[in-house]
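Below is one structure, written out as structure tokens; comments come after it.
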Amino acid sequence: MPYSLYTREYQLFVQMLVQARKAAALSQVELAQRLGKPQSFVSKCENCERRVDMAEFLAIAQALGLDAPAFVQRYQADRAALMSVVAVAA
């Protein structure tokens, strides 16, 4: 199994977080300030240089004003669609 930072599923998760940050009209610096972290933390998470754990995800979701359960449901639906495309292509 590939390292989890490089899986399609994790890339989808990160892409969704980036989209949520942009939809909230926040820069990486502004999100980092809300999290009490340096901007490099957000950058590393968004560039898949650092894995986001559950506690960090919940903090990010709160900082972005996201409904975490709804975000996870959307992720699950998008992941299922992604995996079905990958399975067909294989």
Side-chain angles (χ1 to χ4, degrees):
M1 179 175 198
Y3 186 61
S4 60
L5 284 175
Y6 306 111
T7 62
R8 287 183 176 98
E9 295 98 325
Y10 190 74
Q11 302 256 330
L12 172 63
F13 172 72
V14 169
Q15 178 184 20
M16 289 175 63
L17 285 177
V18 171
Q19 289 172 348
R21 176 181 60 77
K22 290 179 178 180
L26 292 175
S27 68
Q28 287 185 350
V29 171
E30 291 166 324
L31 176 56
Q33 288 172 341
R34 289 184 181 193
L35 296 169
K37 302 275 189 182
Q39 177 272 332
S40 61
F41 170 83
V42 176
S43 177
K44 287 178 182 179
C45 291
E46 289 186 359
N47 289 306
C48 294
E49 296 173 25
R50 186 184 187 294
R51 186 168 177 77
V52 176
D53 69 23
M54 180 59 74
E56 291 166 339
F57 163 68
L58 292 174
I60 292 167
Q62 183 177 17
L64 294 175
L66 294 176
D67 177 355
F71 182 94
V72 171
Q73 280 186 323
R74 197 178 102 218
Y75 168 77
Q76 288 176 313
D78 290 355
R79 180 185 176 275
L82 174 69
M83 297 313 291
S84 67
V85 168
V86 170
V88 169

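All of these numbers come straight from a predicted model, not from anything done at the bench. FYI, side chains are in, hydrogens and waters are out, and symmetry mates aren't considered; it's all heavy atoms of this structure.
Screening Glu46, Lys44, Gln39 for a side-chain contact (heavy atoms from CB on, under 4.5 Å) involving Val42 leaves a single residue, Glu46.
In this structure, CZ on Phe41 lies 8.5 Å from CG on Leu31, to the nearest 0.5 angstrom. Taking CG of Leu35 as the start and CD of Gln62 as the end, the distance is 9.5 Å to the nearest 0.5 Å. Annotation: the span from Ser84 atom OG to Arg79 atom CZ amounts to 11.0 Å, rounded to 0.5 Å. Here Arg74 contributes atom CZ and Asp67 contributes atom CG; the two are 11.5 Å apart, rounded to the nearest 0.5 Å. Between the CG atom of Asp78 and the CZ atom of Phe13 there is a distance of 12.5 Å, given to the nearest 0.5 Å. Of the inter-residue distances, the one linking Arg34 atom CZ with Glu30 atom CD reads 7.5 Å to the nearest 0.5 angstrom.
Considering all non-hydrogen atoms of both residues, Gln28 and Ser43 come closest at OE1-CB, 3.6 Å. The heavy-atom pair separating Leu64 from Leu17 by the smallest distance is CD1-O, 4.2 Å. In plain terms, the two heavy atoms of Val52 and Tyr10 that are nearest each other are N-OH, 2.9 Å. When all heavy atoms are compared, the tightest approach of Ala61 to Ala68 is CB-CB, 4.2 Å.
Ion pair Arg50/Glu56 flagged as a salt bridge, since at least one NZ, NE, NH1 or NH2 atom sits closer than 4.0 Å to an Asp/Glu carboxylate oxygen.
At least one donor-acceptor pair closer than 3.5 Å links the side chain of Asp53 to the backbone N or O of Ala55. Remark: the backbone N or O of Cys48 is not paired with any side-chain donor or acceptor of Tyr6 at under 3.5 angstrom.
Under the 4.5 Å side-chain heavy-atom criterion for grouping Ile, Leu, Val, Met, Phe, Trp and Tyr, Leu58 is connected to Ile60 within one hydrophobic cluster.
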